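Each chain gets a letter, A, B and so on, in the order the sequences are listed, and its residues count up from 1. All figures in this text were calculated on a predicted structure; none of them were measured in a lab.
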Number of protein chains: 4
Amino acid sequence: MSPRTAEQYEKIRAEKQKLIMDVAIEIFAEKTYQGASVSMIAQKAGISKGLLYNYFESKEDLLKEIIKSASQKVWQYFDPNKDGVLTKEEFIFFIRKGIQVIKENINYWKLYLTLVLQPLVIDIVKSDVDDLAKQYGKMIFELFKRSNMKDPEGELLLMSAMLRGAIIQYVTVPNLFPIDKFESKIIEYYFEKL
Amino acid sequence: MSPRTAEQYEKIRAEKQKLIMDVAIEIFAEKTYQGASVSMIAQKAGISKGLLYNYFESKEDLLKEIIKSASQKVWQYFDPNKDGVLTKEEFIFFIRKGIQVIKENINYWKLYLTLVLQPLVIDIVKSDVDDLAKQYGKMIFELFKRSNMKDPEGELLLMSAMLRGAIIQYVTVPNLFPIDKFESKIIEYYFEKL
Amino acid sequence: MSPRTAEQYEKIRAEKQKLIMDVAIEIFAEKTYQGASVSMIAQKAGISKGLLYNYFESKEDLLKEIIKSASQKVWQYFDPNKDGVLTKEEFIFFIRKGIQVIKENINYWKLYLTLVLQPLVIDIVKSDVDDLAKQYGKMIFELFKRSNMKDPEGELLLMSAMLRGAIIQYVTVPNLFPIDKFESKIIEYYFEKL
Amino acid sequence: MSPRTAEQYEKIRAEKQKLIMDVAIEIFAEKTYQGASVSMIAQKAGISKGLLYNYFESKEDLLKEIIKSASQKVWQYFDPNKDGVLTKEEFIFFIRKGIQVIKENINYWKLYLTLVLQPLVIDIVKSDVDDLAKQYGKMIFELFKRSNMKDPEGELLLMSAMLRGAIIQYVTVPNLFPIDKFESKIIEYYFEKL
DNA sequence: AATGAATGAGGTTTCATTCAT
DNA sequence: CATGAATGAAACCTCATTCAT
């Protein structure tokens, strides 16, 4: 009966906040940010609309928080190591890990994709992600060059297109796209080339 | 004093309908189907909201008509020829033509992409396109097999992922993606392999 | 090829006007004055909306004209004869004729009934009809008195209620109400009493 | 600080819902279902349009609920007793009670009448009411037969027409129709005949 | 921390009416 | 006399957000 400690409250808050965000990702991915209503999210999360506004300032704020937090979670695995140099093994790992992360967060990626397709609406998303993408791009380019590829830039283009396309396809129709076969294939491809 | 002839009316209708659809594609692509309002479309088309409903039964109907008409326009170039067999040259042409069509219809492709990412909302889109995609898939697979590729199925996977990814990237950030370089690269790639 | 004469034009106008009114009565009766749209009427009459406005100033004007004209048509049979005295035979005739007129103009009566149920909307209707009703009421009252009925006023009340109720019922569900049986019954009733 | 209890919310909802329905009956009766606007109802009820939609799914739903609830309220007095046999006294009571109920719910009856005159719009109304009407019709017919009336069927026809007509007249112009005199008269009539 | 009634701006849609032809 | 494209006001409805409790 003793009042909860500050930490307990903090924990409860954090959990409820996560719950709301998880539910929101799902609904946003299914219905679009604009097509989803705050009521739907509150209802599916089992809380009142009022309480949702206790945790997030607005619907847009909720979206921003989702992107912020999910970005962190998703991209943490790819923090480039200190030296900024990518070995062949690290590159293979990067692909494997990347595909795994996507498999585990389909809805987030779906949401992410709908968002990047509306440049005017959301610029938040880009900034973070773009930086990382550039760094990686550079490192992979260097790897390709070191491996004596004829046209490292062109190869980079093909590679990123391949990955991106596979993600889209997988995220859109998970059951129809053989992500595992794709994974072996692309790894086999670069294993030989590098 | 006499009323316009049937042809005159027909012309007016056809032109205005096209105008509305063109404007709508642009706005839908920019803001999402749900994020765009009929008012915005009417305003940008320079007509009253009421008139829009003279031409389309509803916002959803407008979307459907856009998809129907744009699908026709976009996919007509790819009607497989009678024999159902794809030569190496036809395959190269297919890629070239495909990229060109996309360059000329960026907004439609953007819209198409936001739509396929919301499976619950629109099933119209798929049916038409899926058929064609399957036919092509099969023909390309046969070509790869005839060319003695080791794993034609896997190669098809990589190829479609590459194309898809390039489209996404180009459509999303046209200025940043070197579509022409990508085109030469992928053609070069298959020119050697086939 | 000679231009039509003024009379011919006049005839055409009169016919078209009647056509529009007939169609409108039907639709108003079916959908309510408010629920019917000018477009529907024009379409069913096979003319353009614009032309309809050539014949009637407004939707409300169309309604007024319908009521005016139909009232005349409907009530003309009941113009009390000069002397203002109703014989038993005339009374019977009045009932017979009344029922016949209703059978022949179901839709007008339906419309009329929906209108009298909205006192605020239409006052036009009443004025004409009320006068006639009062005159008739008085004459029937006199007839009842001459026939030595105990309570002529009360009998008048019952009679008008009976007629009114039968009309409503018949107009509402023509197939279910045995109007002919009702007719014989009520005539038999007054034949004995008078 | 704590939220209202479930009962409190329940009470608020019930009261407001009743308020809206009461206001709506009045306005529908006065202006027709189609002629009344949701704005008018909200305004007269002193609430926002939005709130009305918190209580009713649509304007049509509001109408249906009114009919449902009012039907219950209105017809509950007439639940035939178990044996299904009507005595002379019960018949007299039925007429008295019926007239009283109508006097107390003029607006509902007005609304009801406008609705039955639009067969295409509302079928809801009929089903409930028709059943009851049939049961009563049968019971009254039996009573008439037991009382050795020459033509019980014809008498039933006259009686229901009389009642119906009186209701219409009273509901349409309450001040002009002497409902009390009608009541005594019709009771006197059947008191002698039965 | 929690509720859901309440608001109001804005969305989609309808329709009487006008007008150039 | 005749057309139907075009308008704009107003209808129905939705939903992010607020607030008393």
So, are A/Glu65 and A/Lys68 salt-bridged, with charged N and O less than 4.0 Å apart? yes

With a 4.0 Å limit, can you tell me whether D/Arg13 has a side-chain N or O closer than that to the phosphate oxygens OP1/OP2 of E/dG4? no

Between CD of C/Gln17 and P of F/dC1 the distance, given in whole Å, is 11 Å

Distance in angstrom units between B/Glu10 CD and F/dT3 C1', rounded: 14 Å

Just compare E/dT13, F/dT17, E/dA16 and give me whichever is closest to any side-chain atom of B/Lys59. E/dT13

salt_bridge(B/Lys110, B/Glu30) N-O dist < 4.0 Å: no

Check whether the side chain of D/Tyr9 and the base of E/dT3 form a donor-acceptor pair under 3.5 Å. yes

Are the side chains of A/Tyr33 and A/Lys59 in touch, meaning some heavy atoms are under 4.5 Å apart? yes

Rounded to whole Å, the OH-P distance (B/Tyr33 to E/dT12) equals 8 Å

For B/Ile47 and F/dT7, give me the distance from atom CD1 to atom P, rounded to whole Å. 7 Å

If only side-chain N and O atoms of B/Lys49 are considered, is one of them under 4.0 Å from the OP1 or OP2 phosphate oxygen of F/dA6? no

Looking at every strand, decide which applies to D/Ile12 at a 4.0 Å heavy-atom threshold: base, sugar-phosphate, or nothing. sugar-phosphate

Check every strand shown and say whether A/Tyr55 touches a base, only sugar-phosphate, or nothing at a heavy-atom separation below 4.0 Å. sugar-phosphate

Starting from C1' on E/dT14, measure out to CZ on B/Phe56 and report it in whole angstrom. 18 Å

Under 4.0 Å between a side-chain N/O of B/Tyr53 and OP1 or OP2 of E/dT14, yes or no? no

Can you classify the ring geometry of B/Trp109 versus B/Tyr112 as parallel (below 30°), tilted (30 to 60°) or perpendicular (above 60°)? perpendicular

Output the single nucleotide from E/dT13, F/dA6, E/dA6 whose closest atom is nearest the side chain of B/Ser58. E/dT13

Within the 4.0 Å heavy-atom criterion, would you say D/Ser37 contacts the bases, only the backbone, or no part of the nucleic acid? sugar-phosphate

Interatomic spacing from CD1 in A/Ile41 to CZ in A/Phe28 - rounded to 0.5 Å: 4.0 Å

side-chain N/O B/Asn54 vs F/dA6 OP1/OP2, d < 4.0 Å: no

Whole angstroms only, please: what is the CG-P distance between B/Leu51 and E/dA16? 17 Å

Separation of C/Leu52 atom CG from F/dT3 atom P, in whole Å? 11 Å

Classify B/Ala6 by what it touches in the nucleic acid, base, sugar-phosphate, or nothing, heavy-atom distance under 4.0 Å. nothing

Measure CD/D/Glu7 against P/E/dA5 and give the value in whole Å, please. 14 Å

Mind checking B/Ala36 for me? I need base, sugar-phosphate or nothing, with any heavy atom below 4.0 Å counting as a touch. sugar-phosphate

